[in-house]
Amino acid sequence: MRMIALAVLAAPLLVASAPMPAAPVKVQTVARGLDHPWSVAFLPDGRVLVTERAGRLRVIAGGKLQPGAVAGVPKVYEAGQGGLFDVLPHPKFAENQLVYLSYAAGTPGANATRIARATLDGNRLANLKVIFEVSPKKDTPVHYGGRMVWLADGTLAMTTGDGFEYREKAQDRSGLLGKIIRIRDDGTIPADNPIPGSAIWSLGHRNPQGLAFDPASGRLYEHEHGPRGGDEVNIIVKGGNYGWPVATKGRDYSGAAISPFQAYKGMRDGIVGWTPSIAPSGLAVVSGPMFPEWRGDLLVGALVNEEVRRIDMVNGRPGAQSNAFPQIKARIRDVRVAPDGEIWVTTDEPSGRVIRVSR
C-alpha cells in the first residue's frame, strides 16, 4: 500500500488507478435467480446464509444454492426499499445457533426497521422474537438502514435511515431515525451508551448502507448515501454527530441547497466523499490470508457505478481508489469477507447473483 495526500472532501474525489493483485483472481457465480439478494453471512460449518429482499432466507451449502427457503422468517414490509435486510449469526453461533435478522415491518402508514432473533434449526427458524424496533414509525418506504455488525465487546450495532422525508429527525436525540444504534444481544440497552437509556450510538446519518468493524484497528466504519452527491465514508465514534442535514456536500434532488454548510463545528466529517454519487452499498474490511496486500483496506459496493470499489487504507487514512474486480459489472448490494479470506458479493437485480472471488 502507498500513502497519498487526502483529497479535499468539498471537491470530487478522483479515482486513482491501482494495480490488480499480483496473483490472478477467480470470479465464480455461486447462486443466481435470487430476488434482490441483500446480505450474506457465513456459518462455522461452511454454510452461507443469503437474504432476499422479498422476505426469504436461503442457504448455500457445498457451493450450491439449496432448494426452497428457510421456514419461519418473519413477515416483512416489502415496498420501495423495504424488505428483508441483513442476516447475522451470533458470535457464539456454534454453541447457541442464534441468528439475527433486520427487516422492514409494518404498513404503508406506519413502518419501521426491526431486529428479530431466532434459533436456526435445520431449515427453519425457531423461537423467533423481535428484540428491537426503530421509533418513531414512518410512512415512507425508503431509507431504512438495516446493516448490522458485532462490536468487540459483543454488543450489536445497526444503522437506521432518516426516512427520506424526515431528515431533521437525524438530529433528534429523542428518536432513532438517522442513527447508529447499539444494543446487547438480547435487545436491551447497554448502560454505557452515550445517552442514558437510549440505543443511540451516533447520529446525523442519512441513508447508511454499509457498516463494518475492523477488529485489528478497533475502528467502526460506516458509509451512507448523500442526496445528489455527498456520499461519504465515516469512522464512527461513541456519541459522534455526523452532520446530516445540518452539514452536507450534496444538494437536494431538485438541485436546491439543503444547507449552507458543508461542515459544521462539533460535527464530524467523512474521511471519503463522492460527488457525483456512486450510491455505496455493502462495506467490508479486507482480512484473512487470501488478499494479504489489501489487508485493512475497505471494499465498497457501488450501485450506480456497478463495481466493487477498493479504498487503500493506512492507519485509518484513505488513499487511492480502484475498481477491485473489473470482471464484475453489476449493481452491487453487499460485499463480505469470508473467514478464509474469500470475498463474496451480491448483485442488486430481480434475478440477482451471489458471486465468490478467490485465488
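- Ion pairing of Asp269 with Lys249 is present here, as a side-chain N (NZ or NE/NH1/NH2) and a carboxylate O approach within less than 4.0 Å.
- Under a 3.5 Å cut-off, the side chain of Thr346 and the backbone N or O of Pro37 do form a donor-acceptor pair.
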In sequence, state the C-alpha distance, the side-chain angles, and the governing distance for Tyr221 and Ile236, and then conclude on side-chain contact (heavy atoms from CB on, under 4.5 Å). CA-CA 6 Å; Tyr221 292 101; Ile236 302 300; over 6 Å; no

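- Using a distance-only test at 3.5 Å, with no hydrogens or angles considered, a donor-acceptor pair links the side chain of Lys179 to the main chain of Asp172.
- When atom types are taken as modelled, the side chain of His143 and the backbone of Gln81 share no donor-acceptor pair closer than 3.5 angstrom.
- The distance from atom CG of Leu298 to atom CD of Gln321, rounded to the nearest 0.5 Å, is 9.5 Å.
- Within the 3.5 Å criterion, the main-chain N or O of Gly146 finds a donor-acceptor partner in the side chain of Ser102.
- Counting heavy atoms from C-beta on, the side chains of Ser39 and Arg147 come closer than 4.5 Å.
- For the pair Ser281 (side chain) and Arg333 (backbone), a donor-acceptor distance under 3.5 Å is present.
- Put simply, CD on Glu349 and CZ on Arg32 are 10.0 Å apart, with the number rounded to the nearest 0.5 Å.
- Residues Trp244 and Glu168 have side chains that never bring a donor and an acceptor to within less than 3.5 angstrom of each other.
- Checked by atom type, the side-chain pair Asn193/Trp201 shows no donor-acceptor distance below 3.5 Å.
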Given Arg295 and Asp297, is the salt bridge (charged side-chain N to carboxylate O under 4.0 Å, His left out) satisfied, shown in steps? CA-CA 6 Å; Arg295 191 169 292 124; Asp297 290 354; over 6 Å; no

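- Grouping the Ile, Leu, Val, Met, Phe, Trp and Tyr side chains by contacts below 4.5 angstrom, directly or via other members, places Val73 with Leu43.
- Side chains of Val272 and Val300 form no contact here, defined as non-hydrogen atoms less than 4.5 Å apart.
- By the 4.5 Å heavy-atom criterion applied to side chains, Glu224 and Gln209 are not counted as neighbours.
- Separating the OG atom in Ser198 from the CD1 atom in Ile181 is a distance of 9.5 Å, to the nearest 0.5 Å.
- For Tyr166, the OH atom counts as densely surrounded, since its 6.0 Å shell holds more than 12 non-hydrogen atoms of other residues, nucleotides or ligands.
- At a cut-off of 3.5 Å, with distance as the only test, no side-chain donor of Asp252 or Ser254 sits close to an acceptor on the other residue.
- Note: the hydrophobic cluster containing Met313 does not contain Val237 (ILVMFWY, side chain heavy atoms under 4.5 Å, direct or indirect links).
- The hydrophobic clustering, which links ILVMFWY residues whose side-chain heavy atoms are closer than 4.5 Å, places Tyr103 and Leu120 together.
- Residues passing the side chain to side chain contact (heavy atoms under 4.5 Å, CB included) test with Ala79, sequence neighbours excluded: Tyr77, Pro141.
- Minimum heavy-atom separation, Leu176 to Ala199: CD2-CB, 4.5 Å.
- Between the side chain of Glu52 and the backbone N or O of Asp35, at least one donor-acceptor pair lies under 3.5 Å.
- Ile355 has its side chain out of reach of Val30: every pair of non-hydrogen atoms, C-beta onward, lies at least 4.5 Å apart.
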Would you please test Arg58 and Leu34 for side-chain contact (heavy atoms from CB on, under 4.5 Å) and show each step? CA-CA 9 Å; Arg58 306 294 298 275; Leu34 295 164; 3.7 Å; yes

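- Between the side chain of Ser259 and the backbone N or O of Val246, at least one donor-acceptor pair lies under 3.5 Å.
- For the atom pair Thr347 OG1 and Ile332 CD1, the distance stands at 6.5 Å (nearest 0.5 Å).
- With rounding to the nearest 0.5 angstrom, the OG1 atom of Thr51 is 7.5 Å from the CG atom of Leu57.
- Ile271 and Leu283 fall within the same hydrophobic cluster, where Ile, Leu, Val, Met, Phe, Trp and Tyr residues are linked whenever their side-chain heavy atoms come under 4.5 Å apart, directly or through other members.
- A cation-pi contact, defined as under 6.0 Å to the ring centre and within 45° of the axis, is absent between Arg53 and Trp38.
- In this structure, a donor-acceptor pair under 3.5 Å is present between the side chains of Asn234 and Glu222.
- The aromatic rings of Trp294 and Phe291 lie parallel to each other, their planes meeting at an angle below 30°, with 60° marking the opposite boundary.
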Start with the C-alpha gap between Val99 and Leu125, add the side-chain angles, then the distance that decides, and say whether side-chain contact (heavy atoms from CB on, under 4.5 Å) holds. CA-CA 9 Å; Val99 295; Leu125 296 179; 3.7 Å; yes

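- One hydrophobic cluster, built from ILVMFWY side chains closer than 4.5 Å, holds both Phe325 and Val335.
- Not a single donor-acceptor pair under 3.5 Å links the side chain of Thr140 to the backbone N or O of Phe164.
- No side-chain heavy atom of Leu101 sits under 4.5 Å from any side-chain heavy atom of Asp86.
- Annotation for Lys129: atom NZ does not count as buried by contact number, only 12 or fewer foreign heavy atoms lying within 6.0 Å.
- Side-chain atoms of Thr29 never come within 3.5 Å of backbone atoms of Ala31 as a donor-acceptor pair (strictly under, hydrogens ignored).
- With contacts defined as side-chain heavy-atom distances shorter than 4.5 Å, the pair Tyr242/Leu203 does not qualify.
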Apply salt bridge (charged side-chain N to carboxylate O under 4.0 Å, His left out) to Arg206 and Asp231, showing your working. CA-CA 10 Å; Arg206 182 179 180 269; Asp231 298 351; over 6 Å; no

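- Side-chain contact between Met158 and Ile180: absent, with no pair of heavy atoms (C-beta onward) separated by less than 4.5 Å.
- Residue Gly230 comes nearest to Thr275 through the heavy atom pair N-OG1, 3.0 Å, listed as atom of the first residue, atom of the second, then distance.
- Between the side chains of Ser202 and His205, at least one donor N or O sits under 3.5 Å from an acceptor N or O.
- A 4.5 Å side-chain heavy-atom check between Val25 and Ser358 finds every atom pair outside the cut-off.
- His90 and Asn96 are linked by a side-chain donor-acceptor pair at a separation below 3.5 angstrom, with hydrogens and angles left out of the test.
- With salt bridges taken as basic N to acidic carboxylate O contacts below 4.0 Å, one links Arg114 and Glu133.
- If you take CD on Glu306 and CZ on Arg331, they are separated by 7.5 Å, rounding to the nearest 0.5 Å.
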Arg184 and Asp186: CA distance, side-chain angles, deciding distance, salt bridge (charged side-chain N to carboxylate O under 4.0 Å, His left out) verdict: CA-CA 5 Å; Arg184 297 190 184 96; Asp186 62 357; 5.4 Å; no

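- Taking the six-membered ring where tryptophan is involved, the planes of Tyr144 and Phe85 are tilted, since the angle between them lies from 30° to 60°.
- For the residue pair Gln171 and Gly204, the shortest heavy atom distance occurs at NE2-CA, 3.6 Å.
- At a cut-off of 3.5 Å, with distance as the only test, no side-chain donor of Asn123 or Gln66 sits close to an acceptor on the other residue.
- A search for side chain to side chain contact (heavy atoms under 4.5 Å, CB included) contacts involving Leu151 returns Val149, Asp153, Thr155, Ala157, Arg182, Phe213, Leu220, not counting sequence neighbours.
- Judged by distance alone, the side chain of Glu342 and the main-chain N or O of Ala338 form no donor-acceptor pair under 3.5 Å.
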In sequence, state the C-alpha distance, the side-chain angles, and the governing distance for Asn111 and Lys138, and then conclude on side-chain contact (heavy atoms from CB on, under 4.5 Å). CA-CA 5 Å; Asn111 58 82; Lys138 57 189 182 61; 3.1 Å; yes

